[in-house]
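Data first, discussion second: the structure below is written as structure tokens.
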Amino acid sequence: RKEVEQDPGPFNVPEGATVAFNCTYSNSASQSFFWYRQDCRKEPKLLMSVYSSGNEDGRFTAQLNRASQYISLLIRDSKLSDSATYLCVVIHYNQGGKLIFGQGTELSVKP
Amino acid sequence: DARVTQTPRHKVTEMGQEVTMRCQPILGHNTVFWYRQTMMQGLELLAYFRNRAPLDDSGMPKDRFSAEMPDATLATLKIQPSEPRDSAVYFCASGERTTEAFFGQGTRLTVV
């Protein structure tokens, strides 16, 4: 079993739709969490951090549930430019800050 | 605008040749990661360093891969000898222990 698991998709949605991605992690010692975005043939870039209290950045909302060991990302009013692969990431401080990536969820927003 | 710099951006080589990829992390970052990405496997962590010391290289095939940080401004990943199955995009990323990592643009390696 992979340490960080995501539904690979693809998710095909129309413009304006709301879409949600989930990610589960197996190591309860995981201590920091992020969502990255990766466009085709480019490097991954930080989208947002994920806090236990939940956090929002414009149309994007991230949630963390430590008890159930999952992370979610909600995108509202999706745009064509949101089409990308979304990667869930955990950091293990007790392993020297090791960053573990999920395999990514592909999103395609159609006109 | 601080960024991670990787060279070369593209490399085509013949099977059996040595390949060296270089990475200049963001100044002040004390953690450096090497990842490999393929369509089938996604992003795999090969090795990472803290303050230039290797912390974990368990993701790396030891017989042909080696990673080093000769100084704080340079990390290298070497493959010798290279094989067609090593064809992938190799990313370097840097950060600090408790924060996110910033990625370079990657080296796209093709071994023929």
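Letters A, B, ... are given to chains in the order of the sequence lines, protein chains preceding strands, and every chain is numbered from 1. Nothing here was measured: the structure is a model prediction, and the numbers come from that model.
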Are [Y] and [X] co-members of a hydrophobic cluster defined by side-chain heavy atoms under 4.5 Å apart?
X: B:L43; Y: B:M60; answer: no
X: B:V4; Y: B:F49; answer: no
X: B:M69; Y: B:I79; answer: yes
X: B:L45; Y: B:W34; answer: no
X: B:F65; Y: B:Y48; answer: no

Report yes if the side chains of [X] and [Y] come closer than 4.5 Å at any heavy-atom pair, otherwise no.
X: B:R108; Y: A:R41; value: yes
X: B:F91; Y: A:E43; value: yes
X: A:P44; Y: B:Y35; value: no

request  = Flag yes if more than 12 heavy atoms outside A:L80 fall under 6.0 Å of its CG atom; otherwise flag no.
outcome  =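 Counting neighbours around CG of A:L80, more than 12 heavy atoms of other residues, nucleotides or ligands fall under 6.0 Å, so yes.
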query = Do other residues, nucleotides or ligands put more than 12 heavy atoms under 6.0 Å from the OH atom of A:Y70?
reply =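 No, OH of A:Y70 has 12 or fewer neighbouring heavy atoms, counting only those of other groups under 6.0 Å.
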ask   = How many angstroms lie between CG in B:L55 and NZ in A:K98, if you round to the nearest 0.5 Å?
value =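 So the gap between those two atoms works out to 10.0 Å.
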inquiry  = What's the separation between atom CG in B:D56 and atom NE2 in A:H92, rounded to the nearest 0.5 Å?
reply    =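 If I round to the nearest 0.5 Å, the distance is 11.5 Å.
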A:Y36 side chain vs B:E100 backbone, donor-acceptor pair below 3.5 Å = no
ask   = Under a 4.5 Å heavy-atom cut-off, does chain A meet the side chain of B:E44, its backbone, both or neither?
value = neither
query = When the ring centroid of B:F102 is compared with that of A:F34, is the distance short of 6.0 Å?
reply = no
Any side-chain donor near an acceptor of the partner, A:Q38 and B:Q37, under 3.5 Å =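 Judged by distance alone, the side chains do pair up.
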task = Please state whether the side chain, the backbone, both or neither of A:L99 comes within less than 4.5 Å of a heavy atom of chain B.
result =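 For A:L99, backbone and side chain are both near chain B.
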